[in-house]
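These notes concern the structure reproduced below.
Model, not experiment: these values are computed from the prediction.
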Amino acid sequence: MHATTSLLRWGWLLGVALMAPAALPAGGSERRQPQVRRRESGGPLHTTTRGVLRSSPLAVAPALNELSIGTPCRLLHRWPGDDGRDWLHVQVLNGEQQRGWVRI
């Protein structure tokens, strides 16, 4: 009895395994590489408050420069902070084109 049940169970499993790939195209499923989508380049971002440009995304990181209201910047990267506030890696678009981190 146990051998018959085991044989039926394995036969059913083999049947399912042989029938399942029939719905797939030859060579398995088609795998497409995700497209890289670039954001349309708009104008620069402008700071709305005074802030400090830092060398890394840490509140204790050395200050590189002080940003005044209206400073044009280009966003390079966004980084989530541990305290729930995000950091933006920006390039200042005036003067020396300095790069740094701003806490938002």
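For the pair T71/V92, a side-chain contact is recorded, criterion being any heavy-atom separation below 4.5 Å from C-beta on. The shortest distance between side-chain heavy atoms of I69 and R50 falls below 4.5 Å. Proximity of R99 to R74: side-chain heavy atoms (C-beta onward) are separated by under 4.5 Å at one or more points. For the pair N94/P72, a side-chain contact is recorded, criterion being any heavy-atom separation below 4.5 Å from C-beta on.
Among D86, L67, V52, L75, the single residue meeting the side chain to side chain contact (heavy atoms under 4.5 Å, CB included) criterion with V102 is L67.
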Under 3.5 Å, which donor-acceptor pairs do the side chains of residues 54-62 form with other protein atoms, sequence neighbours left out?
residue: R54; atom: NH1; partner: A61; partner atom: O; Å: 2.7

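Between C73 and V90, the closest heavy-atom pair is CB-CB, 4.0 Å.
One finds the CG atom of L88 at 11.0 Å from the CG atom of L53 (value rounded to the nearest 0.5 Å).
Other cluster members for L76: none, since no ILVMFWY side-chain heavy atom sits under 4.5 Å from it.
The environment of CD in E96 is sparse: at most 12 heavy-atom neighbours from other residues, nucleotides or ligands sit within 6.0 Å.
Using a 30° and 60° split on the angle between ring planes, H89 and W101 fall in the parallel class, below 30°.
No donor-acceptor contact under 3.5 angstrom links the side chains of Q91 and Q98, judged on distance only.
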